2 protein chains.
Amino acid sequence: MDIKQPDQSRNTILQAAYCEIHRKGYQAASIADILSDTGLTKGALYHHFPTKHALGLAVIEEIIGDRLGRLLSDPIRESEKPIDALLYLIIHVDQQVPADYMELGCPLNNLMQEMSPLDHEFKSKLNAILRNWQDTIEWALSTGQAQGEIRPDVDPKAAALFIVSAWEGCVGIAKNLQSGEAFRTCMQQLHDYVVSLCAGR
Amino acid sequence: MDIKQPDQSRNTILQAAYCEIHRKGYQAASIADILSDTGLTKGALYHHFPTKHALGLAVIEEIIGDRLGRLLSDPIRESEKPIDALLYLIIHVDQQVPADYMELGCPLNNLMQEMSPLDHEFKSKLNAILRNWQDTIEWALSTGQAQGEIRPDVDPKAAALFIVSAWEGCVGIAKNLQSGEAFRTCMQQLHDYVVSLCAGR
DNA sequence: AGAATAATATACCGACCGGTATGGATGAGT
DNA sequence: ACTCATCCATACCGGTCGGTATATTATTCT
């Protein structure tokens, strides 16, 4: 046995669990398979996490929420022209994401589809992430209205809800069709929708 | 034991499997639970279906495809003004569907999300249903163009792909939020998108 | 240095799963 | 009425799952 590194072990398990869950879903992800990739065993896992359920929640909070925020919210929040940032993201998000995302889909959406009707803790944590994303887009639309870019008759909250819904829908359909081509044409249509919310069109 | 009715038994099992899969997903749906609702046993099931896999495929082909076609394609195909039929469906589909659809989501989308990356037979059969739906909407848009309702610069195939994607996205998000309200506002935005494809806007 | 505690490995358990083997009941054909 | 294929129930199997009990090793504290 090597040196014991609790924090690193915990993180190794979290990452492996994330990958396994992303590939197979939460319920089909087996503890044994998660551990086989790492050099660790059940003793380590059940020392850091009381149950598989807790491990799943930790993956959501500490990995998925974090990554999604960094990828989809931060660029918009940090931009002075959030609508431009949003439009840029819609078109170029497929280039900023690991290659397997196309075939495996969005981890957030996958888990929501699988677990939200089954477990209310999963549901609330996943919905918090979704809400955060939606709020960001709503903020972008409101800011766009203040800047005169977005038409004043647009309802930012409703439009933001639709954008995240359509976005996840595009990812899901592209995953089923196993087609990056389909994803891009689909996101191009979403791009056109957002443009249709802009003033002077 | 009662009188033997092979066709009815097969159909009973198919329906029970459909409900169980709709509630829990394919992998989490257990043979025992499927049968417990019906009065039948494994002997009956494995007489009519060689494996759980074959049962799942039969559910897709004989139930899901059928229902989706009846609900979402036939009204459009049979209408003389398909765009109006499409817009009507987008707004009123939530009233034409069993109550549990809101919390359980679309059976087609659920299965696509779960199984398409895992099994190519599931994927191809599910994609065939999706393709059929998309083709219907593409046909509606093309017909709309011929009737002068839809702008000529609209790409019917791309727009149809986006509509089904966004549609499934709306259902999925509404399922996670457990909110019929969210579903309706979301579909209203999809409605507005389709209207934005119409001429004279 | 010694004691206490944290961290990890190993072996094991009961529950459940999909699937099978077998046999009995039913109905159709002759 | 006898045969035979269809239909279905029951008991059982091997395998996998999440989880536990326990022992051992590493670290930290006194």
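Note on naming: letters A, B, ... go to the chains in the order of the sequence lines (proteins, then strands), and numbering restarts at 1 for each one. Predicted, not measured: the structure shown is a model, and the values here were computed from it. All heavy atoms count here, side chains included; hydrogens, waters and symmetry mates do not.
- Take A:Tyr46 and apply the side-chain hydrogen bond (donor to acceptor under 3.5 Å, both in side chains) test, not counting sequence neighbours, and it matches no residue.
- Computed from coordinates, the A:Phe49 CZ to D:dG19 C1' distance equals 16 Å when rounded to whole Å.
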Counting only pairs under 3.5 Å, give me each side-chain donor-acceptor contact of residues 49-67 of chain A, with atom names and distances, residues two or more places apart or in other chains.
{"from": "A:Thr51", "atom 1": "OG1", "to": "A:His53", "atom 2": "N", "distance (Å)": "3.4"}
{"from": "A:Thr51", "atom 1": "OG1", "to": "A:Ala54", "atom 2": "N", "distance (Å)": "3.1"}
{"from": "A:Lys52", "atom 1": "NZ", "to": "A:Tyr26", "atom 2": "O", "distance (Å)": "3.0"}
{"from": "A:Lys52", "atom 1": "NZ", "to": "A:Gln27", "atom 2": "O", "distance (Å)": "3.3"}
{"from": "A:Lys52", "atom 1": "NZ", "to": "A:Ala29", "atom 2": "O", "distance (Å)": "2.9"}
{"from": "A:His53", "atom 1": "NE2", "to": "A:Asp119", "atom 2": "OD1", "distance (Å)": "3.3"}
{"from": "A:His53", "atom 1": "NE2", "to": "A:Asp119", "atom 2": "OD2", "distance (Å)": "2.8"}
{"from": "A:Glu61", "atom 1": "OE2", "to": "A:Lys125", "atom 2": "NZ", "distance (Å)": "3.1"}
{"from": "A:Glu62", "atom 1": "OE1", "to": "A:Arg10", "atom 2": "NH2", "distance (Å)": "2.6"}
{"from": "A:Glu62", "atom 1": "OE2", "to": "A:Arg10", "atom 2": "NH2", "distance (Å)": "2.4"}
{"from": "A:Asp66", "atom 1": "OD1", "to": "A:Arg70", "atom 2": "NH2", "distance (Å)": "3.4"}
{"from": "A:Asp66", "atom 1": "OD2", "to": "A:Arg70", "atom 2": "NH2", "distance (Å)": "2.5"}
{"from": "A:Arg67", "atom 1": "NH2", "to": "A:Gln15", "atom 2": "OE1", "distance (Å)": "3.3"}

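- Rounded to an integer number of Å, the gap from A:Ile13 CD1 to C:dA7 P is 12 Å.
- Note on A:His47: a side-chain N or O is less than 4.0 Å away from OP1 or OP2 of C:dA7.
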Heavy-atom contacts, protein to nucleotides 10-18 of chain D, under 4.0 Å, summarised as B (base), S (sugar-phosphate only) or - (none) per nt, yield B------SB
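- One interatomic measurement links the two molecules: CG of B:Asp7 to P of C:dG27, which rounds to 14 Å at whole-angstrom precision.
- Nearest approach of B:Val164 to B:Leu161, heavy atoms of both residues: CG2-O, 3.1 Å.
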Tabulate below the donor-acceptor pairs under 3.5 Å that side-chain atoms of residues 177-191 of chain B make, not counting sequence neighbours, or state none.
{"from": "B:Ser179", "atom 1": "OG", "to": "B:Glu181", "atom 2": "N", "distance (Å)": "3.4"}
{"from": "B:Ser179", "atom 1": "OG", "to": "B:Ala182", "atom 2": "N", "distance (Å)": "2.8"}
{"from": "B:Arg184", "atom 1": "NH1", "to": "B:Asp94", "atom 2": "OD2", "distance (Å)": "3.3"}
{"from": "B:Thr185", "atom 1": "OG1", "to": "B:Ala182", "atom 2": "O", "distance (Å)": "3.0"}
{"from": "B:Gln188", "atom 1": "NE2", "to": "B:Asp192", "atom 2": "OD1", "distance (Å)": "3.2"}
{"from": "B:Gln189", "atom 1": "NE2", "to": "A:Tyr193", "atom 2": "OH", "distance (Å)": "2.7"}

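- A:Leu45 comes within contact range of no nucleotide atom at all, as no heavy-atom separation falls under 4.0 Å.
- Between A:Ser9 and C:dA7, a side-chain N or O to OP1/OP2 separation shorter than 4.0 Å is absent.
- Atom-to-atom, CG of A:Leu40 to C1' of D:dT25 comes out at 15 Å; the value is rounded to the nearest Å.
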Below 3.5 Å, can you tabulate the donor-acceptor pairs from side chains in residues 139-148 of chain B to any protein atom, sequence neighbours excluded?
{"from": "B:Ser142", "atom 1": "OG", "to": "B:Glu138", "atom 2": "O", "distance (Å)": "3.1"}
{"from": "B:Thr143", "atom 1": "OG1", "to": "B:Trp139", "atom 2": "O", "distance (Å)": "2.8"}
{"from": "B:Gln145", "atom 1": "NE2", "to": "B:Arg151", "atom 2": "O", "distance (Å)": "3.0"}
{"from": "B:Gln145", "atom 1": "NE2", "to": "B:Pro152", "atom 2": "O", "distance (Å)": "3.4"}
{"from": "B:Gln145", "atom 1": "NE2", "to": "B:Val154", "atom 2": "O", "distance (Å)": "2.9"}
{"from": "B:Gln147", "atom 1": "NE2", "to": "B:Glu80", "atom 2": "O", "distance (Å)": "3.1"}

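- For residues 71-92 of chain A, the pairs satisfying ring-ring contact (aromatic ring centres under 6.0 Å, His included) are A:Tyr88-A:His92, with sequence neighbours left out.
- Distances shorter than 4.0 Å separate some side-chain N or O of A:His48 from OP1 or OP2 on C:dT8.
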